[in-house]
Amino acid sequence: METRISHARVTQLVNLLQCCIDRKTHLSGKILHALILRHDFSSDIFLGNKLVEFYASCGKLQSSRQVFDHMPRRNTYSWNAIIGACCKGGLLREARNLFDGMPERNVVSYNTLISAFSRNDFEQEALDFYYLMKMEGFMPTHFTFASVLSACGGLKGLDQGRQCHAFVTKLGLDDNTYVENGVVGMYAKCGSIEDAIQAFNEISHPNEVSCTSVMSGLADTDHVEEALQMFRKMHEGGIRIDQVALSSILGVIARGVSGEVDPPKQHLGISANLYGQQVHTLVLKLGSESDVRVTNSLIDLYGKCINMTDAELVFATMQEVNVVSWNILIAGYGQIGQSDKALELLERMQLHGFKPDEVTYVGLLGACTKSGDIEAAHKIFCQMSNPSRISWNAMLSGYCQKGNYGEAIELFRQMQFQDVFPDRTTLAVLLSSCTGLWLLDFGKQVHAVSTRALFHVDLFVASGLVDMYSKCGKINLAKTIFDRMKERDVVAWNSMMGGFALHSLSLEAFTFFKQMQEEGIRPTQFTYASLVSSCAKLSALSQGRQIHGQISKDGSINDIYVGSALIDMYAKCGNIEEARKCFDNMPTRNVISWNEMIHGYAQNGCGLKAINLFEDMLKTEEKPDSITFISVLTACSHAGLADMAIKLFDLMKVEYNLEPLVDHYTCIIDALGRANRLEEAETLIEKMPCKHDPIVWEVLLGACKIHFNVDLAKKAAEKLFLLDPQNSAPYVLLSNLYAALGRWRDVSDVRKLMSDRGVVKDRGYSWIEFKNRVQAFMVDDVFMSVHNEAIENGIAPVTIKLRRKCITRSTGPGLPAIMYQDIYKALGVFNLLSHQDANSMTCENMMSLISGIYTNVLVQFLACKINLHEHTITETGLPICLQGIQCSNQYLFRKNVRSSVLFYAEGGGRSLEVDSPKLSRMTNVCAITGN
DNA sequence: GTAGGGTTAG
């Protein structure tokens, strides 16, 4: 009797407690607790369990724990209740300890833990518990799979996810809505959108959860348009649009605007604001404006649409605001570089009692960086008490974006002292700083660290490595890393193509461009800039024009770097009017554009125009830099304006505070040399800080050759023998000077000296654009091997007629043997052309042809053969594109200046840094034998 | 008694 009464009492109390749990009424529950104690019911396990649950539901974890600790007897439910309470309160470690110590577990114990770990972003731990559960012989339920599938999605663990899916089907649990949605969500999160859609289609009654999962999955895989359609279908199909769906669709639209989507779908950007307003209306209609997460998504979208007015408006009318809302606003202003507004918001939020968190500071850092105030960013960074890796990264990338590479590297050192470990972003930023400073050794260290941390296969890190190695001169290493990459995006391709362009591996650049388009990667302005620069290096005008056309269609034409590259390309192809047209059409110009145009005039022998343009530039905001002066000084020397060169040289030092580099001195020596002011040039060299740099002596020697000054030429050559013993240039130059004077004995003496000392003339390469293909020719290489390779590869070989006898007779006696060989080689190339299609030969083609070949004599010889238009020969006797290449190398490779100047000016034979195995691998290469 | 889809940053 007594027990029956107490049993009824207990049931009554349990029911009352359940009411308190449902309504989270703390006070009433506490009164019940008091009642339980007073009537000595505290030994009842069921009541004790309910009390644990009740306190947990009110967020009173401590009380929960107290009840549990004082229970005289406990069962599995009691343990599950306290574990659940800890999970609810976020004390996962505590929950785990309790789990480990409980005498007997059941499926619910596992499910509770799995769910909690999965929801708190500890997906791997959640899976570990799942595997443990199976090992201990517990059968997973639909509750288990709902969490486990979600964990697989969070880990992007497609394989584990598939295994779970299979197991679900095997157990026949695949008809549960939660599990079905779990499967869809898992595939969507893993990026396997086709599987997600298939799983979705197999659901008999999809609900708002299923639809939202697919929608987000579509957006994450750049199918923004389809994601929008999904939302429309959902709306029309009468499926409930809840707050999660609203928040998600706003995120989808925001994605379409923030440039994370391929360019063709970017038109969403234009209408995103409109879409935003439509969903905004829906939010109001459904009464969801009270949900912070929905309104936060809304202000985020307005912010991304650069519609800060509406963003502020929503913010002002929000019923509830949290830190995230403030952060979104700050990021919105940061994105448009309004750091003052962002800082003002920081003050406002603190005034309203909100404590800025890490995201706030990162947003502020971004705002300051964007507005260019990197010192302010650093100040904010210093105020942060314990910056996380993300904040360090934000600061590092701020420095890197502004070109403060040294600071970035220094900051990284500090980061290490603080024991903050780098991640992929850190390494990528660091690599780009190494690249900026050409710190190959440091870059290699970063490579080693990346490899150890297994980041070297990461898309961003690997692209950074490719860029670092190629910009630091290790193009083959760059290529190896590129080849080993598992996935490649447009940035990776751009890095590689930029490397090829930089190293004058233009044919590789073209091949890669084709390949990347075949793989469906859309080129960006960086791609085009590299490619156009490659065209420029080859003087490949028709390819250049084609690319120009594609650029105009693609909309990259207004890019400042693409524009500058086009100017360079046209100028190098001798098409100065078109270069100027590009320059005039540019919506904005920077110092690079000006330099490129001035340089273009200079290299095309339009010295005065270059100087005039330089004067125009001085009237604008843009300040000339070191390179501007190289261009304009080159112009002076080519135009024979030695005094002007000296005047500008002084201006540069005095007015613009620019320290003259070897290149500037070289220009001055060249200008004086061409003007036959050789003694003056010599005196100047002696006074120069860089008088031991071989290049200046080479230029002087070149000038001596033009003006037949044997004494000074000998002196310069002697100097070069000492400074650069393996350089063949002084021997060739000197020998050619003697040859020009008919001093054949001296010629053979120099040749003998050269061979005695083991100096070998480097090979030169020539190339030609013909029938829309760029063909490269290698001098002094084994013609037949390449020829055979071409046939093996199914490339139609081009016939080359060798008419040695004929040439020897036609040019007559008097020229040295070496000259015959050169002419013979050149004519080999010429015959190739004339044999194929002499009539269609354009002036540009011819310019391309001779740009790679030899001496003044030869140029004139060929010029009269094909009636080359008069204006293409400049006052110095060198063809336009020839000078262009000379200058282009000065621009990029200081080390090659010496060889290229000589090579092109005199036919010494040293050429660009092309390694022969690479060249012979080119499919469309032809080589011409010497001897 | 335990479950699924959502907001800010690099």
Side-chain angles (χ1 to χ4, degrees), chain A residues 14 18 21 46 49-50 52-53 56-57 76-78 80-81 83-84 87-88 106-116 118-119 141-151 153 176-186 188-189 206-217 242-252 254 288 291-301 303-304 322-332 334-335 357-367 369 388-398 400-401 423-426 428-429 460:
Chain A
V14 165
Q18 189 60 51
I21 291 169
F46 197 13
N49 294 351
K50 271 292 156 205
V52 171
E53 197 191 335
S57 74
T76 310
Y77 289 141
S78 327
N80 286 348
I83 290 172
C87 289
K88 207 171 262 167
N106 64 12
V107 183
V108 176
S109 329
Y110 282 95
N111 287 353
T112 308
L113 268 193
I114 293 173
S115 148
S118 171
R119 262 183 295 127
T141 68
H142 45 272
F143 287 109
T144 322
F145 283 115
S147 300
V148 165
L149 285 165
S150 158
N176 174 283
T177 316
Y178 281 94
V179 177
E180 285 173 326
N181 287 344
V183 171
V184 172
M186 180 272 294
K189 280 246 168 68
N207 64 7
E208 66 274 17
V209 178
S210 347
C211 293
T212 311
S213 292
V214 173
M215 200 170 76
S216 300
D242 65 359
Q243 294 161 345
V244 181
L246 285 170
S247 174
S248 304
I249 188 64
L250 288 164
V252 169
S288 295
D291 186 299
V292 212
R293 285 157 87 151
V294 171
T295 33
N296 281 348
S297 301
L298 193 57
I299 47 175
D300 181 50
L301 173 57
K304 293 221 165 87
N322 60 16
V323 195
V324 177
S325 330
W326 289 97
N327 290 348
I328 292 170
L329 266 193
I330 288 175
Q335 171 196 231
D357 64 6
E358 181 130 26
V359 182
T360 321
Y361 287 116
V362 172
L364 288 168
L365 282 182
T369 306
S388 77
R389 176 164 45 219
I390 288 171
S391 305
W392 284 95
N393 287 349
M395 192 63 234
L396 282 171
S397 94
C400 194
Q401 275 170 41
D423 67 354
R424 56 206 289 262
T425 310
T426 324
V429 172
F460 292 117

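Chain letters run A, B, ... following the sequence lines, proteins first and then strands; every chain starts at 1. Only this structure's heavy atoms are used, side chains among them; waters, hydrogens and symmetry mates stay out.
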Residues at least two apart in sequence or cross-chain that pass ring pair (Phe, Tyr, Trp, His ring centres under 6.0 Å) with A:Y361, listed by chain then number, are none
Do the side chain of A:Q335 and the main chain of A:G303 share a donor and acceptor less than 3.5 angstrom apart? yes
Side chain A:Q401, main chain A:T369, donor-acceptor under 3.5 Å: no
For the side chain of [X], counting heavy atoms from C-beta on, which of [options] is nearest?
X      : options              : answer
A:V362 : B:dA3, B:dT2, B:dA9  : B:dA9
A:V359 : B:dG6, B:dA9, B:dT2  : B:dA9
A:S213 : B:dA3, B:dG5, B:dG10 : B:dG5
A:V244 : B:dT2, B:dG6, B:dA3  : B:dG6
A:S297 : B:dG10, B:dG6, B:dT7 : B:dT7
A:N393 : B:dT8, B:dG10, B:dA3 : B:dG10
A:K304 : B:dG5, B:dG10, B:dA9 : B:dA9
A:V324 : B:dA9, B:dT8, B:dA3  : B:dT8
A:N111 : B:dT2, B:dT7, B:dG6  : B:dT2
A:E208 : B:dG10, B:dT7, B:dG5 : B:dG5

Distance check needed: [N] [atom2] versus [X] [atom1], whole Å only.
X      : N     : atom1 : atom2 : value
A:N80  : B:dA3 : CG    : P     : 12 Å
A:D300 : B:dT7 : CG    : P     : 9 Å
A:Y361 : B:dT8 : OH    : C1'   : 16 Å
A:L396 : B:dA9 : CG    : P     : 19 Å
A:I299 : B:dG6 : CD1   : C1'   : 15 Å
A:L364 : B:dT8 : CG    : P     : 17 Å
A:M215 : B:dT7 : CE    : C1'   : 14 Å
A:E180 : B:dG5 : CD    : P     : 15 Å

Considering every strand and a 4.0 Å limit on heavy-atom distances, what is the contact class for [X]: base, sugar-phosphate, or nothing?
X      : value
A:E358 : nothing
A:R119 : sugar-phosphate
A:D242 : base
A:K189 : sugar-phosphate
A:N322 : nothing
A:V294 : base
A:I328 : sugar-phosphate
A:T177 : base

Side chain to side chain donor-acceptor pair (under 3.5 Å) partners of A:N207, counting only residues at least two apart: A:N181, A:S210
Under 5.5 Å and under 30°: A:Y178 stacked on B:dA3: yes
For A:N322 and A:N296, test the side chains for any donor-to-acceptor distance below 3.5 angstrom and give the result as yes or no. yes
Between the side chains of A:T144 and A:T141, is a donor N or O closer than 3.5 angstrom to an acceptor N or O? yes
Is there a side-chain contact between A:S150 and the phosphate of B:dG5, meaning an N or O under 4.0 Å from OP1 or OP2? yes
Under 4.0 Å: is that the gap between some side-chain N or O of A:S147 and OP1 or OP2 of B:dA3? no
Base [N] paired with [X] side chain (donor-acceptor, <3.5 Å):
X      : N      : answer
A:D291 : B:dG6  : yes
A:N296 : B:dG6  : no
A:D423 : B:dG10 : yes

Approximate separation, where rounding is to 0.5 Å, of A:S247 OG and A:D242 CG: 10.0 Å
